[in-house]
Each structure stands twice: as structure tokens, then as C-alpha cells.
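Not measured: the values here are computed from a predicted model. Chain identifiers are assigned alphabetically (A, B, ...) following the order of the sequence lines, protein sequences preceding nucleic acid strands; residue numbering begins at 1 within each chain.
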2 protein chains.
Amino acid sequence: MQSLTGLEGCDFNETERAAENTCGLVHSCGFHARNCICSELRAAFNADLPKGVNRFALASGQEIEPETLPNSPVIGVLTGSVGIVAHLSDGRRTITGLFFPGDYINLASLNRQLNGAITALAPSAVQVMEQPVFENLLRLSSLTRDHFMDQMNSLLFQLLDHSNDLAKKTPIERIAAFLFELKNRTLPRKSTQFNTVAIPFGRRDIADYLGLQPETVSRGFTTLTTEGVINLPEADLVTIQDVHRLRQIANGGRPRKRGV
Amino acid sequence: MQSLTGLEGCDFNETERAAENTCGLVHSCGFHARNCICSELRAAFNADLPKGVNRFALASGQEIEPETLPNSPVIGVLTGSVGIVAHLSDGRRTITGLFFPGDYINLASLNRQLNGAITALAPSAVQVMEQPVFENLLRLSSLTRDHFMDQMNSLLFQLLDHSNDLAKKTPIERIAAFLFELKNRTLPRKSTQFNTVAIPFGRRDIADYLGLQPETVSRGFTTLTTEGVINLPEADLVTIQDVHRLRQIANGGRPRKRGV
DNA sequence: CGCGCGCTTGAGCCCATTCAATCACTGTGG
DNA sequence: CCACAGTGATTGAATGGGCTCAAGCGCGCG
């Protein structure tokens with residue numbers, strides 16, 4: 001586990017980050033998308049960070065090889081963005097899954113293993129729960145059970161939608177859909193406006209997530225900008241000018257060949 | 001629910017189909033991929049088909065609109081192949097998810113809804129469990145809980161792999177990967193040989209699942225055939241001649257541009 | 001048989017990729 | 001303070017591959 005830098009306590013700024021959490025607790029459990037289960041964790045184990053639960057700060061680009069983790073744990077994302085990065089034999093890179101604060105990755109699977117490395121796409125913090133602890137928590141708290149089922153199902157539907165994007169959408173449509181995905185999945189920062197989406201990582205990662213080349217992503221953004229659908233004051237900040245049109249595009253409003 | 005044809009009992013040939021199930025029971029629960037939970041269902045409710053659990057036969061192409069089902073049920077696939085079919089505004093068609101006997105689709109999600117229609121890609125049979133019944137079953141049987149968690153996680157990893165296929169693989173690579181997916185996910189029929197894969201639906205559906213055009217799929221199959229990697233004695237039957245090479249291809253061994 | 005349907009094969013054309021250059025920005029050291 | 005390299009985003013030009021349109025073929029069915 002040399003790639004993991006253990007934290008003495010938590011050296012990422014918790015109070016600053018707490019604002020990003022729905023639950024608002026300083027000691028976030030990482031599972032705070034809808035229902036916060038911090039209190040459940042505390043009630044079950046009488047501690048905010050019981051034995052078998054550890055937190056790590058990950059630098060941008062830092063990887064966790066699933067095989068190196070003990071007890072096939074559950075990994076919760078606290079802050080930042082985490083992706084599952086797979087490589088083909090000739091080096092092509094794909095981000096198959098995207099995880100934001102509140103999402104979790106369950107590495108416990110009897111019959112199937114995860115392809116790819118868990119990679120921080122931006123400075124991130126994760127919480128690693130060893131499988132026995134996790135199972136205990138599930139057994140003790142029905143609220144947690146429900147939350148997890150829901151969260152898992154939600155992620156599943158998300159992936160189905162993403163498959164839809166990758167399968168038949170044109171580059172611009174994919175980008176439009178991606179913006180909505182970000183809007184839905186990431187919590188809006190207080191400082192930003194309504195229709196503003198912060199893009200949490202670079203063009204290359206966007207491209208690898210959308211099945212495109214970085215250049216194509218760049219071109220897509222400029223096209224959407226010149227058409228007045230979006231604005232990008234900075235490379236990692238998008239303001240949506242015409243939500244209706246953008247939604248139209250995301251839903252197939254920009255086919256390859258204009259219908260004859 | 002006019003699109004559903006209710007069954008008086010079960011008019012699909014159970015004894016014939018039972019051979020396809022791991023559990024081998026005549027009354028298959030539809031959740032028999034690894035562990036059979038038929039006995040759990042029976043123990044919990046004292047019946048093979050408790051109230052709130054119904055079976056339906058679906059003709060090829062027949063759809064179930066998720067919205068028309070009561071109590072956001074859990075749907076288990078008993079026989080055949082079921083897909084989630086989504087359409088873009090201009091008619092482009094995508095099969096975002098693929099479900100085989102033993103898989104299930106959980107429509108209970110508080111925060112997110114399923115995009116697309118549940119569609120039988122071949123003559124199929126499904127089991128619809130209303131949510132309350134399902135929850136009861138989960139509550140009563142820890143074995144079922146474990147099985148479901150595992151099944152869900154497995155499906156999730158499957159989808160991640162599929163995203164990898166769609167994002168960066170060339171058509172031929174996708175087809176190769178698809179063959180392995182079929183090989184892994186569908187139970188081999190007794191009558192067939194070792195390295196034989198039965199393709200359970202047509203080119204169009206394959207194309208919509210792999211994000212290609214039917215013509216491209218066809219071309220891909222012929223290319224693989226002429227290269228001696230596979231044989232296709234019939235349009236829906238593939239025998240793998242060179243497993244090693246096919247795996248190589250599925251893993252990125254056929255880039256767009258041969259390395260200069 | 002004729003018809004329909006689905007799979008296969010062929011020809012031409014967009015358009016995303018590829019290769020390459022430029023630009024914007026950051027941090028480092030002289 | 002500027003020069004410099006390094007990184008990432010953007011823009012440009014040319015290519016090739018998958019899509020589109022279309023025809024041919026094989027098979028089951030009325």
C-alpha cells in the first residue's frame with residue numbers, strides 16, 4: 001500500500017470541506033448523498049472512526065490498486081472526484097466509472113472483480129471501510145441498509161444512462177449530457193451561480209470518460225460556446241445559457257446528419 | 001398493463017427450462033445465478049408464488065414500461081434475454097442494459113428513475129415481485145440479502161466493463177468482448193460444445209448494445225471469421241477457434257491505426 | 001411461388017481521429 | 001524582472017474508418 005498516504009487524523013481541511021456535505025457534520029461518513037449515516041456509524045460502534053475504518057488523502061492522479069487493499073473494503077468518497085481507470089493493452093485509457101462525494105465503491109464481490117484502478121482525478125479524500133465492519137454496520141442499522149440499496153441502485157441507473165451516452169450519442173451530445181450529469185451529481189458550491197457547473201477535472205479525463213479525444217472535447221465546448229448554449233469563463237467552469245437547448249442536445253438534438 | 005400477458009400458472013415449459021437453471025428446481029425463483037433463493041422464498045412465505053409475485057411470458061420485442069408497474073417491483077429474469085431499451089429524440093436506439101436468467105432489475109429507487117423500456121429481446125419469462133414482498137424477503141432472509149448485494153455489485157462491475165467497451169474499443173474489439181460477455185453470463189446449453197456461444201438475439205440488437213450499426217456488426221463477424229478466430233455456422237451461433245487471439249482482440253489488440 | 005424480413009456485401013461520404021502547431025498559464029531559477 | 005521549460009487547452013490540416021444509403025442474398029411463411 002505504498003501508494004496510500006495515511007493521514008494522522010485527517011489533514012485535509014475538514015471544516016472547509018464540511019460545507020460540501022449534505023449532512024454538515026465535521027466527521028463526514030462519506031455516505032451523505034441523501035441520508036447521512038454518520039450517526040448510524042457512531043451508534044453502532046461508539047466511535048466516529050471505528051477500528052477497520054481509515055481515511056486517506058489522495059493527490060490528483062494517485063491510484064489505489066484494488067488488489068492491494070485488505071478485506072475487500074468499501075470505499076466512500078469524502079471529497080474530490082474518484083474514477084475507475086482502465087487501460088487497454090495498447091495504452092488506450094478509459095474512465096469507466098465516476099464517483100463523487102457520497103458515492104461508494106464496494107469491492108466485495110464473490111464472483112467478479114473490478115477492472116481498473118481506483119484513481120483520484122482531483123485532490124480527494126476517501127474513507128476505507130473493511131468488509132467486516134461494513135457488514136456489521138449493515139446488520140445493525142436498517143437505515144444504512146436502505147440507504148445502501150438505494151445508493152447502489154442509483155449508481156446502476158446512472159451507469160445505464162452513461163451507456164446510453166457512449167453508445168449512440170455524438171460528441172457534442174455526450175458533452176451536453178455530461179454537463180447535466182455533473183449538475184445532478186455534484187453538489188453546487190455556495191459561491192457559484194444557479195446554472196454554473198464546475199468541471200472537476202481536465203479535458204483528458206473528460207475525454208476518457210466520454211469515449212472521445214481531448215481535442216474533440218475541446219472542440220465541442222467551443223462549438224457550444226459559439227452557439228450561445230454555454231459560456232466558459234474558465235476552462236473548468238461552465239455557465240449554462242440555454243438550458244432548454246442544452247437538454248435538447250443532450251437528448252439527441254444533434255444527429256450526425258441533419259434529417260433530410 | 002395491457003402489454004403484459006398474464007399466465008395461468010406458468011405456461012412456458014418449466015421442466016424444459018429447469019435444465020437451464022443452476023438451482024434445478026421446477027419453480028425457479030429467477031434469482032438462481034449463484035445461490036438459489038427459491039427455498040428462502042418458500043420458507044418466508046410458505047408458498048412458491050406468494051401474493052404479490054407474478055410471472056409473465058413475454059414475446060420477442062414485447063415491452064414493459066416501468067411506469068405501468070405497481071409498487072416499483074423487482075423483476076427477475078427466468079428465461080430468455082431482457083434488455084433496457086432507450087431511444088433518443090431522433091429515433092436512435094440503444095440497449096443500455098442486458099439481463100439474462102438469474103439477473104434482476106430493481107425498480108425501487110427513491111431519487112432516480114430508469115430511462116428506457118424493459119424489453120424482451122427474445123421470447124422470455126420474467127417474475128415480478130412487488131416491492132413490499134421483496135422487502136419482506138430481504139428482511140427475513142440474510143442469505144437473500146447477501147445474494148442480492150452480490151448480484152447487484154456483479155451487475156455494476158459488468159456495466160463498468162461495458163462502459164470500457166463502448167468508450168474506446170473498435171467495432172471488432174467490441175464484438176470480441178461481447179462474445180466473452182455472453183460466454184460468461186449465459187449458461188451453456190448442454191447440447192453445445194465447449195467453445196460455442198449462442199447469440200440470443202439479432203444483429204440489430206447486438207448493434208444497439210455495442211453502439212454500432214447492424215452492418216458494422218455483420219462486417220465484424222465476417223472479418224473475425226475470415227481471420228480464423230471464430231466460425232459462425234449459423235447467424236446466431238459462434239464457435240471460438242482461437243480463444244487466445246479473441247481475448248487479445250477483446251483487450252485492445254486491434255487499434256484503429258497499426259502502430260507506425 | 002411471392003413476399004417479407006433479416007443478414008450480408010458494396011460504394012461513397014462525413015466526421016472524429018490523428019498528427020502537429022500554437023497559445024495560455026504556472027512555477028522555477030538566473 | 002525576465003527567460004525558460006513544462007503542462008494543458010485550443011486550433012489547424014489531413015486521413016481513414018464507421019456511417020449512410022442501397023442492392024443482393026438466404027430463409028421462413030402465408
Protein-proximity profile, nucleotides 5-13 of chain C, B/S/- by nucleotide at the 4.0 Å heavy-atom cutoff, equals --SBBBB--

Do nucleotides 23-30 of chain D as a string where each nucleotide becomes B, S or -: B if the base has a protein heavy atom under 4.0 Å, S if just the sugar-phosphate does, - if no protein is that close.
--------

Looking only at atom types and distance, does a side-chain atom of [X] sit under 3.5 Å from a main-chain N or O of [Y], one as donor and one as acceptor?
| X | Y | value |
| --- | --- | --- |
| Thr119(A) | Glu63(A) | no |
| Thr225(B) | Thr223(B) | no |
| Thr170(A) | Arg254(A) | yes |
| Lys169(B) | Ala250(B) | yes |

In this structure, how many angstroms lie between the [atom2] atom of [N] and the [atom1] atom of [X], rounded?
| X | N | atom1 | atom2 | answer |
| --- | --- | --- | --- | --- |
| Arg92(A) | dT17(C) | CZ | P | 12 Å |
| Gln213(B) | dG18(D) | CD | P | 12 Å |
| Asp236(A) | dA24(C) | CG | P | 18 Å |
| Lys168(B) | dT18(C) | NZ | P | 9 Å |
| Ile199(A) | dA9(D) | CD1 | C1' | 12 Å |
| Leu212(B) | dG17(D) | CG | P | 15 Å |
| Asp90(B) | dT20(D) | CG | C1' | 14 Å |
| Ile175(A) | dA9(D) | CD1 | C1' | 13 Å |

Would you call Leu88(A) and Asn164(B) a side-chain contact if the rule is heavy atoms closer than 4.5 Å?
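Contact flag for Leu88(A)/Asn164(B) side chains = yes.
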
Are Tyr209(B) and Asp205(B) side-chain neighbours, meaning at least one heavy-atom pair lies under 4.5 Å?
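In short, these two side chains do not touch, never coming nearer than 4.5 Å.
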
Salt-bridge present (Asp165(B), Arg174(B); N to O < 4.0 Å):
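Here Asp165(B) does not pair with Arg174(B) in a salt bridge, since their nearest N and O are not under 4.0 Å apart.
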
Are Arg92(A) and Asp208(A) within salt-bridge range, i.e. N to O under 4.0 Å?
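No.
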
Could you note down all residue pairs passing salt bridge (Lys or Arg N to Asp or Glu O under 4.0 Å) where residues 76-87 of chain B supplies at least one of them, sequence neighbours left out?
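For residues 76-87 of chain B: none.
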
Assign Gly220(B) to base, sugar-phosphate, or nothing according to its heavy-atom contacts below 4.0 angstrom with the strands shown.
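Nothing, no heavy atom under 4.0 Å.
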
